[in-house]
Amino acid sequence: MPESPITPRNRDFAQWYQDVVLQGDMAEPAEIVKGCMVIKPNGYAVWEGLQRELDTRFKATGHQNAYFPLLIPQSFLRKEAEHVEGFAPELAVVTVAGGKELEEPYVIRPTSETIIGHFFAKWIHSWRDLPMLLNQWANVVRWELRTRMFLRTTEFLWQEGHTAHSSHQEAMEEVLRILDIYREVAEDVMAMPVVKGVKSHAEKFAGALKSYSIEAMMQNGLALQAGTSHDLGQNFGKAFDVQFQNKEGQLEYAWQTSWGVSTRLIGGLIMTHSDDKGLVLPPRLAPVKTVLVPIYRKDEEKGAVLEASHKIAADIGAKVDDRDGQSPGAKFFHWERLGVPVVLELGPRDLAAGKAVVKRRDTGTKQPVSQEALAGTVSATLDAMQKSLFAAARERLKANTVTANSIEEVESILKDASAEKGGGKFVMAHLADDPACDARVKEFKASVRNHPLADEFDGPGKCIVTGVPVERRAVIAKAY
RNA sequence: CGGGGCGUGGCUCAGCCUGGCUAGAGCGCCUGGUUCGGGACCAGGAGGUCGGUGGUUCGAAUCCACUCGCCCCGACCA
């Protein structure tokens, strides 16, 4: 038997991840373009699923899609002080075009707050123009020093929402509404539990008043920022002169928000559910949910089995793997690596008994089912798998979340919480939103992931670094 | 950007240290046949000039310099 092409998680988690991406035919490095990847059809189909789920929810909450230029005048980035500082090191700049040096270089968008700010200024004059609720599906470029497929690449795909409101409170409601959409898609669609919270001042988006995030825990215990939603206050309004006349006739700067999730979610999906056999896709996002593998020996069996296979598959919407010259065993391994949630086996024995075998990807369990009951069983199995993936991930998150009551305790937990051994932890500790606290935590090669919005963990206490009273514990963890 | 590893048929790799016949293996692929309930077998066959550039040499996959890319660790970052 050939050796598995997938490195076990406990031997080398990073290698495992890469093997799963490659073997699952999700993506591969675009070796000719530094730091970039090719998202292959299997991977892109998952992205399309996420797009569909997100887009539906954006539309349902009043947003419209639009598209802004990829190239942004360099001067735009400079208009918001914090924003330039945050993004300057990772910009790709176009200085020559049409064979000539440009008078003003363009940067390839790392995000679109600035160029959208410019157009908001043109379009927004009155409180009647508000709220303005836009979303853009786009690619962005950030020159990264170290890349990993899906998790961080030079170019990636995302959606970026940009909205303008007539009051800070309305903007805040938007920020939290979106954060909850992200939470819902992560948990209900991706089966990936997340912690909603506020980013520390040190970790917030460059140019925002406040940033909110959802943080997920990967199987090795590392945190992954899976989505962010920013309260931009009036910072970009002031930088780009986005003003409107309010009901009292006063000129006021618009209150803006921006929010985004990216193809990084796919990396999170993989590191949440997949196993040593390869990809595991939650049914709600699996491009192919059910595959039927016909099994036969002699030619007369082949005819009968294939005929029955196609009939059954048509009934329940499965794909038949009728490739010739591949043994059933090879086909099982193939679909297993690709993460297909349910595989059906249909052979002469089943045919004689009027049954088929239903096999579930996550548990590996096989179950003979009568053909009349097949459709119902398959759909129930998909449903059960979706639920059980989420339950297992939530259980893991819970099991690897611990509390600490002193900075020394945080340090010692993080020290033996070696992610390489799968022992990464979310350490919950009372911490003030103070740069000094972030700096202290960074000494342990970890970071403050966020300050949770809800009392899921604990109530008030005193900051273990500064001693000031804080409402609840923060999430401290090593992160991707 | 610093440290480490790697780059040889589609894939995994051997050969390199101690330059020298037509550059090998396994897997995959193609053709034919026998197979088919967890990676089938036999026979025949196609496919590489050794990441790139420049050098040393009678001669370079092998030695030297530069360069490109990937992976890991670190710093930085969304």
Side-chain angles (χ1 to χ4, degrees), chain A residues 1-5 7 12-19 21-23 28-37 83 85-91 110-111 113 140-149 151-154 156 158 160 199 202-208 211 213 215 223-230 258-265 267 277-278 293-299 301-302 305-306 321-337 343-353 355-357 359 364 366 368 419-420 442 445 447 449 478-480:
Chain A
M1 191 161 80
E3 202 182 323
S4 169
T7 307
D12 183 343
F13 193 83
Q15 186 62 47
W16 166 80
Y17 173 73
Q18 212 199 336
D19 290 345
V21 170
L22 258 20
Q23 293 295 323
E28 65 179 57
E31 80 273 12
I32 43 167
V33 188
K34 188 179 171 68
C36 293
M37 65 172 167
H83 195 64
E85 198 185 327
F87 283 101
E90 49 191 58
L91 293 179
T111 179
E113 277 74 8
V140 289
V141 166
R142 300 180 186 178
W143 212 256
E144 294 298 341
L145 299 175
R146 183 177 175 186
T147 57
R148 303 165 195 257
M149 286 188 285
L151 299 176
R152 172 173 289 110
T153 48
T154 298
F156 58 92
W158 77 345
E160 45 178 325
K199 282 293 192 183
E203 295 270 341
K204 72 177 173 58
F205 176 73
S211 290
S213 74
E215 303 281 336
L224 183 76
Q225 178 173 299
T228 49
S229 185
H230 313 291
S258 69
W259 27 275
V261 294
S262 70
T263 37
R264 169 184 263 195
L265 285 177
K277 295 176 191 161
V293 176
I295 297 160
Y296 45 79
R297 250 159 298 163
K298 306 175 193 70
D299 273 352
E301 284 176 355
K302 178 176 177 179
V305 169
L306 281 183
D321 184 353
D322 55 5
R323 287 174 299 163
D324 234 2
Q326 287 258 35
S327 70
K331 292 176 181 178
F332 296 148
F333 280 103
H334 175 73
W335 296 112
E336 192 165 72
R337 275 206 288 271
V343 170
L344 305 176
E345 303 178 17
L346 186 73
R349 292 208 296 268
D350 304 303
L351 216 50
K355 295 189 170 183
V357 174
K359 190 170 55 172
K366 288 187 186 187
E420 298 80 62
K442 285 230 162 171
K445 293 174 182 171
S447 52
R449 299 318 304 158
K478 294 181 185 174
Y480 273 103

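Below, chain A is the first sequence line, B the second, and so on; all start at residue 1.
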Please name the nucleotide paired to [N] by Watson-Crick or G-U wobble geometry with both distances under 3.5 Å, or report none.
N     : result
B:G28 : none
B:C17 : none
B:C1  : B:G74
B:C41 : B:G33
B:U53 : B:A65
B:U22 : none
B:G59 : none

Notebook entry, point to check: Are any side-chain N or O atoms of A:H230 and backbone N or O atoms of A:W259, one a donor and one an acceptor, separated by less than 3.5 Å?
Noted result: no
Check: Just wondering, are more than 12 heavy atoms of other shown residues or ligands nearer than 6.0 Å to CD in A:E85?
Finding: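 Count not over threshold, so no.
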Identify which nucleotide among [options] has an atom closest to any side-chain atom of [X], counting heavy atoms from C-beta outward.
X      : options             : result
A:P348 : B:G69, B:G37, B:G39 : B:G37
A:T147 : B:G37, B:C71, B:C77 : B:C71
A:P5   : B:G37, B:C36, B:G39 : B:G39
A:L145 : B:C71, B:C36, B:C76 : B:C76
A:R349 : B:G37, B:C36, B:G69 : B:G37
A:I295 : B:G39, B:C36, B:C70 : B:C36
A:P328 : B:C36, B:C72, B:G39 : B:C36
A:P29  : B:C72, B:C70, B:G39 : B:C70

Distance in angstrom units between [X] [atom1] and [N] [atom2], rounded:
X      : N     : atom1 : atom2 : result
A:D324 : B:G32 : CG    : C1'   : 14 Å
A:K442 : B:G74 : NZ    : C1'   : 13 Å
A:E203 : B:C77 : CD    : P     : 8 Å
A:R323 : B:A40 : CZ    : P     : 12 Å
A:R148 : B:C71 : CZ    : P     : 9 Å
A:Q18  : B:G69 : CD    : C1'   : 13 Å
A:K445 : B:C77 : NZ    : P     : 16 Å
A:F332 : B:G37 : CZ    : P     : 8 Å

Next item on the list: For residues A:M149 and A:L22, determine if any side-chain heavy atom of one lies less than 4.5 Å from a side-chain heavy atom of the other.
Entry: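 In contact.
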Note to self: If you define the side chain from C-beta out and look only at heavy atoms, does anything of A:P5 sit under 4.5 Å from A:D19?
What the structure shows: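 The answer is no; the side chains never approach within 4.5 Å.
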Next item on the list: Could you tell me whether A:E215 and A:K199 make a salt bridge, using a distance below 4.0 angstrom between a side-chain N and a carboxylate O?
Entry: yes
Notebook entry, point to check: Starting at the 5' end of RNA chain B, which residue's closest nucleotide do you reach first, A:G347 or A:Q15?
Noted result: A:G347
Next item on the list: Nearest-nucleotide wise, let me know which of A:H334 and A:T154 is further upstream toward the 5' end of RNA chain B.
Entry: A:H334
Margin query: For a quick check, tell me whether the side chain of A:R152 and the base of B:C77 share a donor-acceptor pair closer than 3.5 Å.
Written below: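 Indeed there is one.
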Next item on the list: For B:A40, take OP1 and OP2 only and decide whether either is under 4.0 Å from a side-chain N or O of A:S327.
Entry: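 Result: yes.
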Within the 4.0 Å heavy-atom criterion, would you say [X] contacts the bases, only the backbone, or no part of the nucleic acid?
X      : value
A:V357 : base
A:E90  : base
A:G227 : nothing
A:F156 : base

Next item on the list: Please state whether the rings of A:W158 and A:F156 are parallel, tilted or perpendicular, taking 30° and 60° as the class boundaries.
Entry: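 Plane angle over 60°, so perpendicular.
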Notebook entry, point to check: Among A:D322, A:V343, A:I295, A:D321, which one satisfies side-chain contact (heavy atoms from CB on, under 4.5 Å) with A:K331?
Noted result: A:D321
